[in-house]
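Residue numbers start from 1 in every chain, and the chains themselves are labelled A, B, ... in the order their sequence lines are given, proteins ahead of strands.
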There are 2 protein chains.
Amino acid sequence: MINSQPAEMAASGETAASQVFSALKQDLIRGRFAAGEKLAISALKERYEVGLSPLREALNRLAAYGLLEQHNQRGFRVPPLSAEELEDISRLRMQLECMALTQAFQEGDAEWESQLLAASHRLSRANKAQGEIEQWEQAHQRFHRTLLAPCGSHWLLRFIEQLHDQFDRYRRLAPGNPEIRDRLDAQHGELVELALDRRIHDARYLLEDHIRQSWEVAKGACEQG
Amino acid sequence: MINSQPAEMAASGETAASQVFSALKQDLIRGRFAAGEKLAISALKERYEVGLSPLREALNRLAAYGLLEQHNQRGFRVPPLSAEELEDISRLRMQLECMALTQAFQEGDAEWESQLLAASHRLSRANKAQGEIEQWEQAHQRFHRTLLAPCGSHWLLRFIEQLHDQFDRYRRLAPGNPEIRDRLDAQHGELVELALDRRIHDARYLLEDHIRQSWEVAKGACEQG
DNA sequence: ACAGTAGTTAATATCGATATTTTTTAAAAA
DNA sequence: TTTTTAAAAAATATCGATATTAACTACTGT
C-alpha cells in the first residue's frame, strides 16, 4: 500500500469531518462569513466538497466551541459581533493570560526560553514579508502560545486559546491601524526580554497593555461594519 | 395540531441530537461510564433509542466540550481521571469563581439577593429528602450558578460551568464523606449571608475554602477506583 | 514458542435518500 | 391595507445502507 493516496488527501488519520472542521474554523476566524449570517448547509457542502454527515459533525463541534450558534430545527448562524462581547473577551483575556504568564515564568526552563526566542524571531521575520498575512497570523498565534505554554494548566491554556480565537474574529475584521500595529510588534520583543529576566511584574503590565492595545484595534470591527 | 406529540417526546423544538446530548452529558457527569472506557456506538444507539446521525452529532459536541475524547478513525473514549487534572480543575475553579464572585457582589441587585435566598432555601430543603440525590445535585448546581450569575461576563460564566461539569465527574464518583459534606452544606448558608452584606473579602476566602474542601472529597475518585 | 503476515471480523465514518419542520408565497378574510 | 390562513417550497434533521479503516485471529516460517 505505497502512495495509494491522491495528492489532495490530507495526512493519514485525518477524517473528512476533522478536515472540514479545521477549514471552517479558519474561515470563521478569518471573517469569511458575515457576522450574524445564516449558514446554508448545501452551500457549505459544495464549498468544502464534503458530504452532509461530516459537515454536520464539524458544525456541531464548532457550535460547542463557540464559533457558531446552533438553534434547534433552524440550523447554524455565525455569531454577531458586539462591542460588549469584545469587552468581555478582552478583559477576560487580560486576567487569564496574566495568570498563565505568572505561572509560566515560574515553570519555564531553558528549553522554553529557546523556543520563545525562536518564535519571536519567526514572528519578526514574518512581519516583513508583506502579502503573506496568513504566515504572520500563524507565527503570531504560535508566539503567544509559546509564551504561556509552560504554565502547567491544561484547562487555562484551553480557555485562553478559545478566547484568542474569539478575539481574532474581531481583530481580523477590523481595519488595520499601522500606528498601533507597530507598537504591538515592538511589545512582542519586549515580552521576550522580560521573560528571559523573569520580570513578572513588568511583564504582566506589558501583556495587559498589549491586549488593551489590540482591543483598541479590534473595536474597529464593531462600528456598523 | 393539538397534542400531536406522543408522551415520550420532549418539549417542542427539541431535536433528537440535542436530547441525546443532554442525556449523555448527564450520564457522563454522573459517572455511568467507566473512566477511560471506549464507547461502543451501537450500544449507545440502543441505550438512548436514537439513530446513528443524531448520536454522532451529540458525541461530537461532547468531545468539543471536553467530556469526551475523540480520536480519528477510532471513535470516542471517556476521559481518564487523574489527580493532576483534578488539581488543575480545582485551582482554576478557585481563581475563576473568586473573580466572578467579586464582580457579582458589585453588580448584584435586590432581585439577585432574592433569588439567591430562594436557591439557598431550595438547596437546604433538598438536603433533607434523602434518596433524591439528583434533586439535590440540581439545586446545588443552581445555587452556585445563581451566586455568580450577575458577574456580567458571559465567557467567564461559561468556563466556570464547564469546569464545574468536569469537577462533578470526580466528586460524584468519589465515596461520600459525611463529615466534610456537613461542613460544605453549612458553607452555602454562610455564603448567602456574606453575599447579602457584600463582604467580598470574607466571601472569597470562604468560597476558596469551599472548593478546596470539595476537592478533598473529589480526590477520592482518583484512588485506584 | 515467537515474530511477522495474510485473512477475517467488527467498528467507524460517510453517502444517498427520506421524513419533519420552517420559511416563503399566495390567497382569502377582516 | 393589514392580518389570517393555506399551500408550496426550501431547509434541517434523521434513517438505512455502504465504504473504509482498525482490531482481531489464524496461519506461516524461523
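For the pair B:L44 CG and C:dA11 C1', the interatomic distance rounds to 13 Å; values are reported in whole Å.
At a threshold of 4.0 angstrom between heavy atoms, the contacts of A:L39 are confined to the sugar-phosphate backbone, with no base atom among them. Across all strands, A:L52 comes closer than 4.0 Å to base atoms (heavy-atom distances).
Within a heavy-atom distance below 4.0 Å of DNA chain C, the residues of residues 70-80 of chain A found are A:Q73, A:R74.
Picking from D:dT14, C:dT14, C:dT12 the nucleotide with the shortest atom distance to the side chain of B:K38 gives C:dT12. Nearest nucleotide to the A:A16 side chain, out of C:dT12, C:dT14, D:dT12: C:dT14.
For C:dT12, neither phosphate oxygen OP1 nor OP2 lies less than 4.0 angstrom from any side-chain nitrogen or oxygen of B:R56.
Just one of B:R93, B:H144, B:Q141 meets the side-chain hydrogen bond (donor to acceptor under 3.5 Å, both in side chains) condition when paired with B:H164; it is B:R93. The only option from B:V78, B:L59, B:L62, B:L24 that meets the side-chain contact (heavy atoms from CB on, under 4.5 Å) definition with B:L67 turns out to be B:L62.
The aromatic rings of B:H140 and B:H210 sit tilted, their planes meeting at an angle between 30° and 60°.
Stems are defined here as 3 or more consecutive Watson-Crick or G-U wobble pairs with pairing distances under 3.5 Å; those involving DNA chain D are C:1-30 with D:1-30.
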Contacts under 3.5 angstrom, residues 147-160 of chain A side chains, donor-acceptor by atom type, not counting sequence neighbours:
from, atom 1, to, atom 2, distance (Å)
A:S153, OG, A:L156, N, 3.1
A:S153, OG, B:D88, OD1, 2.5
A:S153, OG, B:D88, OD2, 3.4
A:W155, NE1, B:E85, OE2, 3.0
A:R158, NH2, B:A64, O, 2.9

